[in-house]
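Note on naming: letters A, B, ... go to the chains in the order of the sequence lines (proteins, then strands), and numbering restarts at 1 for each one.
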Amino acid sequence: MEYNILIGGEAGQGMDTIGNLLEKTLKRCGFYVFTYKDYMSRIRGGHNFNQVRFSDKPLYTHSPDLDIIFALNEETINLHNSRLKQDGIIICDNDIAKGKEVMHLPLVEASKKVQDMRVYTTAGLGAILKIFGLPLDIAEGVIRDEFSGKIAETNIQAVRAGYEMIGVRHKLETREDKNIIINGNQAVAMGAIAAGCKFYCGYPMTPSSGVLTFMASKSDEMGIMVQQVEDEVAALNMALGASYAGVRAMTGSSGGGFALMVEALSLAGMIETPVVVIDVQRPAPATGFPTRTEQADLRFLIHAGHGEFPRMVIALRDPEDAFYQTARAFNIAEKYQIPVLLMSDEYLSDYTVTIKPYDFGKVKIERYISGPEAVEGEEYKRFKITESGVSPRILPGKVEGQVVLVDSDEHDEWGHITEGAEMRVAMVDKRMRKLEGLRQEIEEPWFIGKENPENLIVCWGSTYGAVREAVERLNGEGISIGALVYGDIWPLPTRRLMELYPKVQKLIDIEQNATGQLDSLIKEEALIRCSHKILKYDGRAFSGTEIYNRLKEEVL
Amino acid sequence: MEYNILIGGEAGQGMDTIGNLLEKTLKRCGFYVFTYKDYMSRIRGGHNFNQVRFSDKPLYTHSPDLDIIFALNEETINLHNSRLKQDGIIICDNDIAKGKEVMHLPLVEASKKVQDMRVYTTAGLGAILKIFGLPLDIAEGVIRDEFSGKIAETNIQAVRAGYEMIGVRHKLETREDKNIIINGNQAVAMGAIAAGCKFYCGYPMTPSSGVLTFMASKSDEMGIMVQQVEDEVAALNMALGASYAGVRAMTGSSGGGFALMVEALSLAGMIETPVVVIDVQRPAPATGFPTRTEQADLRFLIHAGHGEFPRMVIALRDPEDAFYQTARAFNIAEKYQIPVLLMSDEYLSDYTVTIKPYDFGKVKIERYISGPEAVEGEEYKRFKITESGVSPRILPGKVEGQVVLVDSDEHDEWGHITEGAEMRVAMVDKRMRKLEGLRQEIEEPWFIGKENPENLIVCWGSTYGAVREAVERLNGEGISIGALVYGDIWPLPTRRLMELYPKVQKLIDIEQNATGQLDSLIKEEALIRCSHKILKYDGRAFSGTEIYNRLKEEVL
Amino acid sequence: MTTKYEYKLYDQPAWCPGCGNYMIRTALKQALEELGLEPHQVVISSGIGQAAKMPHYIKVNGFNGLHGRALPPAIGIKLANKDLKVIVESGDGDSYGEGGNHFIHTIRHNIDIAHFVHDNQIYGLTKGQASPTTAMGQHTTLQFDGVKAEPLNPVALALTMGAGFVARGFSGDTPHLVNLMKEAIMYKGYALVDIFQPCVVWNRVNTFAWYKQRVYHLPDGYDYTNREEAMKKAMEFGDKIPIGILYKVEKEPYEDRFDFIKNGPPLVDRELNPKDVEKLLRDFV
Amino acid sequence: MTTKYEYKLYDQPAWCPGCGNYMIRTALKQALEELGLEPHQVVISSGIGQAAKMPHYIKVNGFNGLHGRALPPAIGIKLANKDLKVIVESGDGDSYGEGGNHFIHTIRHNIDIAHFVHDNQIYGLTKGQASPTTAMGQHTTLQFDGVKAEPLNPVALALTMGAGFVARGFSGDTPHLVNLMKEAIMYKGYALVDIFQPCVVWNRVNTFAWYKQRVYHLPDGYDYTNREEAMKKAMEFGDKIPIGILYKVEKEPYEDRFDFIKNGPPLVDRELNPKDVEKLLRDFV
Ligand SMILES: Cc1ncc(C[n+]2csc(CCOP(=O)(O)OP(=O)(O)O)c2C)c(N)n1
Ligand SMILES: Cc1ncc(C[n+]2csc(CCOP(=O)(O)OP(=O)(O)O)c2C)c(N)n1
Ligand code: SF4
Ligand code: SF4
Ligand SMILES: [Mg+2]
Ligand SMILES: [Mg+2]
């Protein structure tokens, strides 16, 4: 079984609230849920919608086909009607879309009864639950968890009223609920907190603000210093200060804000100070589409910063991966004393999905911080030249009589400015040697689909879900197709690709950008060219259906 | 004939003044001159030196072997003695390096006589000229051009005194002088001024400050607005404002300052506003080596900025090329309404070389600005979708009743914010289509050396001179070697390379960086891997001799 | 009447109903009209934010650049073409937060720009985080525990930096605002008008009523050439808040400090001829 | 006596002979000594410039970061480990030019940092261009025709931004400077000391003699808690220039506004245990 419900209207009409109540209720009824959000860069008006998809099998992406449209205005019907399935239902208030063949319900009337106009959408929720014959008490529990006092009560009355307005259509049984429901930004923040991040700073920027906001909301409880800074230039410099002083530190933004951190990224490379930075991508250049999605910052992140220094870039694939990878990023950053860049995007940051609860036992905090034993000779060498390129790190103030000096100029082992040619070469080599360790560290892309496929997809980050759905469907049809889904993307792991490549007839690059950046990277690192590219750059995320269709039309 | 003179001492001892007088005198004596500068990031003290190489044949690079050392302190002798040729001469004042076997001269005494201690180095100049039996009056003419009044007179007395201190060693005949002597920063500024640049802004940063300073020195005379801005973030945004309003505008910095312009670079791409930006590279990451050289920003510049937009990157090869390419950059920027990035480095920016005077008749100013005829319909479309991707450009205030709107958000043809998926795709495609035109525009790399060589070097930018010298020497020895020297480097022209490649046995990448960035680019764009890499990243520029030696040792 | 400032094809602001921005737009159109300025003679430079969307809603030339970077392009524009009237429309986050460095240094240069800041004491477009002018202690969508930094006083800051024209306006008092705008636009040099602009969605403290209760017009005899007085008035930001021109004196605008700008045509109109540059080779012979 | 602040292997400053920076270093060492601070208890954060080289010449912990960015790391450091004494050593270009935005916003936050600006009214390291504090009209190696912007008054700016400790010092008056430094370091909150530091190479106007002639100590009875007085003194920058503590009042430092910081160990010392985070899953069930 699988259903897909769209709730649409203007910004400010409360789509998010109702979507949230609906997805949580469905989750607690034991279903897998995937909620997709489409919203404009404005506070009121315009057209926004949420699509709540649910099933008894795990979901990885959204779907275009709709079973129910809950329209908060007539525009919603006009815009999405064409996607409604044959037996789909449109519900709306009596006063909307008069004369149209839709299911009119007295939602506003119900809200008037409880004297709170805002809850008319909750009445709609009641109606939707009734369509599936789901028990009301679960929704009431959700409402009580999300609201309190009078507001909870009026919402409960509204949901009950809505429940009465309509009959059961598709009776569903509830199941055992073992999952959590979470979005990508929350997952990243949870990963950071689990990893012991004690300093997060940032400047608001859609779609990355959710990370900042979640961290701030747990600041007190978890003892995390969360700073809204004056600009993004300050952000990374500040995080580096905090990290130098010894706490795990992170900052993040979207592409435009990240662009302002580029100089400090190079500083991180030079002072070999660990830091984690997330770029939650949105369509660019410049301001672009603030509330929409794209994957066009890959090459930018790999090469950001003047000069040469090792870094790691990790693309997050879904909210489960996002959690573990974020936590891992802190370990790698500290192990190699480098910046680790995480890449997310608006799609991943905003969609919510049911996944199994995080296993906090799997999160290991490995800090690689030394004590007095690291001091050889009289004065501590922060940049001691070692075989691995990594120098033992002590923290300022933590070893009596020893000081820690880091320097953005080229420096000697103690951190003092040097202009020597030999020391320069030694220091460049030292820093670059970390890449060798890092190459051992990187994980090969996930493989999904038929083993040793004739058609091999390469993709990265958030397209994972849609690609997975498409591959599974095609495999179901007997088509020999698989996909490598890159998470660790710089340095680029190429072993699996080289293993599979000899049998591959078509190599298909699937990305949310206009130039095929992963393809360019594979050309560079593996001297292999993709035979096909499926690119999308209209700001809307690929769905599994779309990839399936385009593969059929353009490749297979 | 060829000679090489080193003048060395502490910062503040006047090496630059004396080097300047010497090179101009030699030039006016009709020689080809190449002056290399090595200086520290400090104002007084430390060790700096200039090497003035001159010959009756054109020079393209510096040379390690010295004929004369003019030592302003003993350290100079200790540091450079080993590079002195068998019959080389060290000259210094009587009070320096006592007891050492060097030519002691009463330089300070001479300066005391004219009561100006600063001119004792000018006495050294006199001595050097005498060694070659060159006429004094040319030096006196140079002095009169550079100084005025009393200072000129005491310098003339000093140069005469020095001339008397010593005998002729290598009598040289003067020749006809038809050249100019100029460094890379001046060449860029001259190119910009010739191209009609009326707005230059920047923030001081070694080694790019020379461009800013030269522009400022001609501000009044040429009517150029030159702004020292508060930070580099302002710089590119300000230049874009000026360009939008209709003047040719440029900004520049070194890598760290360029890093702060990255967000605005993306803006330039989005608002399709022409601009020229120069990155005079220095060793990085971070502050690195402020006064030394490197070519490690190539991939950074190619990918700088969030999102995808066309740009052109041009590496400057020598002060002659720098002039014409800078002028050309303005035409390309305006033709395609894109940012054009110029790459120089400390070596190119600081060395001075004799070249033939610029031919201002060769500089064409092509502006591609429209008038009222570009307005179709009632309101002007700044971003009209066209086949070439370029929209007719009118200037604000210049067409009555019409306004010009540019927008950093994704926009429609009029420049208004849009969130439409179709418009997004149309606009991305429009912008990216410019790449097709640009690909026609790019020039293949220069080829030097033996035709269809077995050994092919690839290199870019300022390594040109040293590679040329090495290739010519090797060709002279009958070795089949040639080089492709990239100027236009993004989009990367690959035709010549692909033509030559089939016959090539060794493909050798020569770069001033640690990772081989051109090699990575060639892998990506041509699916070809260099068989050898000769890399240097100690902050000191390759000389022809060094490349020659390393080719012999590592490749040939 | 002011239809000449209306785009034919685009005139529906994406602002919330009831937002203070609407009145600022009305005031600006009226000011331009009363000054007899034609759309093509004016440029609005703006950053990103709700306020910064203004160039889309008034038909004059528009440079809608990056967040925080409204001022640098405005300077470039003015210096390139001194004939254009250059106006900056920006938010408190845009001008005082991300763009703070440009703010202080633009003032030092006294470039002829009218700078209108829609000061809603909040980040509107990004959904309600504190801006540099949000009151200490105020709860927001990010500062759950209240803002922990002191607010910046833009007019006091501008005065300290040496601005020659400093004013405060209120979007709820359009006639008064129209006047301020006209004065600022006609002022030769940098002119700041910090405009109280209630954000009806995110700022539940500084509402229309809040401002209405507090603002008062500077008294008739107020001497706006007295800097110390102006500073006192600038510091008044409590139960009573003065609006009007706090300070105004004559100051040579930056452009006039350059002979070649002052006494010549706008740079954009100059002839370009490479041959004229040949003479500079004299430095290199 | 102050040898504990000397690096064994690196102690030859790259400053010019006669530069005012030497005396600032001497004063700082003495201040630290007199405060009984050990090298490992102190951190100097700096940007890039001549002044900013200080961390190499005093043996305490050092973060020598990017040009203009001395303050943000200092904030990060202080918040991560409140036990450290955090000092910022910076130039006028570093702090007021490139870093201007951090300057004004750091003040608003009142983080416990002592900010020492070596104000030589010039860009020293890059060879003599105007800084934000260079006098209008002064000729420099870039401003051939004289500086055309008004100088920024750092102490007035800091006062306007609400700094609780604002002082002016002179490198030519070391005993006085030592005292200012000690006060600033001990002050709980953000403390600015703008220090006149003659650049003997590039600034031929603001020489030792120039400052010597002009500076005077604030009189004994001077009430440094009076902000209006302080502002008047701050504006005195002509024939007579007062040095000393212009303004000092108590203000809650930023860190203390957070319970979890104020009443707990420094963040750097906290136990990290992923299992403690499990409880946050409550938001997602
Ligand atoms: C570099 C960068 N950082 C952050 C953002 C996100 N952003 C857009 S508008 C805005 C704040 C808007 O506040 P304000 O300037 O006060 O304008 P308002 O919406 O309140 O009118 C922010 C943070 C951005 N676009 N660019
Ligand atoms: C982003 C960036 N821009 C420019 C520079 C070059 N730079 C280094 S120091 C400096 C100015 C120094 O002036 P100031 O801060 O007053 O220090 P001083 O040398 O006078 O002590 C500049 C412009 C840089 N390192 N980084
Ligand atoms: S969010 Fe606030 S400032 Fe923005 S349009 Fe709505 S009311 Fe106005
Ligand atoms: S250049 Fe000036 S500030 Fe720098 S060390 Fe020399 S005298 Fe001091
Ligand atoms: Mg605002
Ligand atoms: Mg300075």
(request) Take C:Phe284 and B:Phe323, measure what ring pair (Phe, Tyr, Trp, His ring centres under 6.0 Å) needs, and give me the verdict at the end. (result) CA-CA 13 Å; C:Phe284 308 110; B:Phe323 172 83; over 10 Å; no
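- Contact tally against chain B (heavy-atom pairs below 4.5 Å) for C:Leu272, C:Asn273, C:Asn61, C:Val42: the top residue is C:Asn61.
- With a threshold of 4.5 angstrom between heavy atoms, C:Leu84 approaches chain B through side-chain atoms but not through N, CA, C or O.
- With a threshold of 4.5 angstrom between heavy atoms, B:Leu236 does not approach chain C through any atom at all.
- The shortest distance between side-chain heavy atoms of C:Glu278 and B:Tyr358 does not fall below 4.5 Å.
- For a residue to count as touching a neighbouring chain, one of its non-hydrogen atoms must lie under 4.5 Å from one of that chain's; by this rule B:Phe199 touches chain C with the side chain only.
- The shortest distance between side-chain heavy atoms of C:Asp276 and B:Phe360 does not fall below 4.5 Å.
- No other option in C:Arg270, C:Glu38, C:Gln41, C:Lys59 has as many heavy-atom pairs under 4.5 Å with chain B as C:Lys59.
- Looking only at heavy-atom pairs under 4.5 Å with chain C, the residue among B:Lys198, B:Lys362, B:Glu378 that has the most is B:Glu378.
- Of the two parts of B:Lys218, only the side chain, counted from C-beta on, holds a non-hydrogen atom closer than 4.5 Å to a non-hydrogen atom of chain C.
- Judged by distance alone, the side chains of B:Gln227 and C:Tyr254 do bring a donor and an acceptor atom under 3.5 Å apart.
- Note: B:Ile180 leads B:Asn179, B:Ile180, B:Asp145 in heavy-atom pairs under 4.5 Å with chain C.
- For C:Phe63, the parts sitting under 4.5 Å from any heavy atom of chain B are the backbone and the side chain alike.
- Within the 4.5 angstrom heavy-atom criterion, no atom of B:Val142 approaches chain C.
- C:Lys8 approaches B:Glu379 most closely through the heavy-atom pair N-OE2, 2.8 Å.
- At a threshold of 4.5 Å between non-hydrogen side-chain atoms, the residues C:Ile48 and B:Asp409 count as touching.
- If you look at C:Tyr7 and B:Tyr380, their ring centroids are not closer than 6.0 Å.
- Ranked by heavy-atom pairs shorter than 4.5 Å toward chain C, the options B:Asp412, B:Asn237, B:Val399 are led by B:Asn237.
- Proximity to chain B at a heavy-atom threshold of 4.5 Å picks out C:Asn101, C:His102, C:His105 from residues 88-105 of chain C, in numerical order.
- Contact annotation for residues 184-191 of chain B against chain C (heavy-atom separation below 4.5 Å, listed by residue number): B:Gln186, B:Met190.
- Listed by sequence position, B:Ala264, B:Leu267, B:Ile271 are the residues of residues 264-273 of chain B in contact with chain C, using a 4.5 angstrom heavy-atom cutoff.
- Counting heavy-atom pairs under 4.5 Å between each of B:Val229, B:Leu240, B:Val233, B:Thr352 and chain C puts B:Val233 at the top.
- Using a cutoff of 4.0 Å between basic side-chain nitrogens and carboxylate oxygens, B:Lys398 and C:Asp269 are scored as salt-bridged.
- Only the side chain of C:Val43 comes within contact range of chain B, with heavy atoms under 4.5 Å apart.
- Using a 4.5 Å cut-off between heavy atoms, B:Lys24 touches chain C through its side chain atoms alone.
- Residue contact with chain C, scored on non-hydrogen atoms closer than 4.5 Å, is absent for B:Ala239.
- Using a 4.5 Å cut-off between heavy atoms, C:Leu71 does not touch chain B at all.
- A tilted orientation is assigned to the rings of B:His416 and C:His56, their planes being inclined by 30° to 60°.
- Heavy-atom neighbours of chain B within the stretch residues 75-82 of chain C, taken at a separation under 4.5 angstrom, comprise C:Ile75, C:Gly76, C:Ile77, C:Leu79, C:Ala80, C:Asn81.
- By the 4.5 Å heavy-atom criterion applied to side chains, C:His40 and B:Gln402 are not counted as neighbours.
- Of the charged side-chain nitrogens involved, at least one lies within less than 4.0 Å of a carboxylate oxygen, so that B:Glu221 and C:Arg282 count as a salt-bridged pair.
- Among all heavy-atom pairs drawn from C:Gly65 and B:Ser408, the shortest one is O-OG, 2.8 Å.
- Between C:Arg108 and B:Glu230, no side-chain nitrogen of the basic residue sits less than 4.0 Å from a carboxylate oxygen of the acidic one, so the salt-bridge criterion is not met.
- One finds no salt bridge joining B:Asp407 and C:Lys53 here, because no Lys/Arg side-chain nitrogen approaches an Asp/Glu carboxylate oxygen to under 4.0 Å.
- Interface remark: B:Arg382 contributes no atoms to any contact with chain C (heavy atom separation under 4.5 Å).
- Options C:Val285, C:Asp283, C:Leu66, C:Ile44 differ in how many heavy-atom pairs under 4.5 Å they form with chain B, and the most are formed by C:Leu66.
- Interface summary for chain C: among B:Ala245, B:Gly246, B:Ala249, the most heavy-atom pairs under 4.5 angstrom belong to B:Ala245.
- With respect to chain C, the highest number of heavy-atom pairs below 4.5 Å among B:Gly196, B:Gly361, B:Ala195, B:Ala235 belongs to B:Gly196.
- Interatomic distance, CD1 of B:Ile417 versus CG of C:Asn64, reported as 6.0 Å (0.5 Å rounding).
- Proximity to chain C (any heavy atom under 4.5 Å) is restricted, for B:Met222, to the side chain, taken from C-beta onward.
- In this structure, C:Arg69 and B:Glu263 have side chains that are in contact, with non-hydrogen atoms separated by less than 4.5 Å.
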(request) Decide side-chain contact (heavy atoms from CB on, under 4.5 Å) for C:Val268 and B:Leu395; before the verdict, give the C-alpha distance in whole Å, the side-chain angles of both, and the deciding distance to 0.1 Å. (result) CA-CA 9 Å; C:Val268 66; B:Leu395 300 181; 3.8 Å; yes
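- Counting all heavy atoms, side chain and backbone alike, C:Phe260 lies closest to B:Ser219 at CE2-OG, 3.4 Å.
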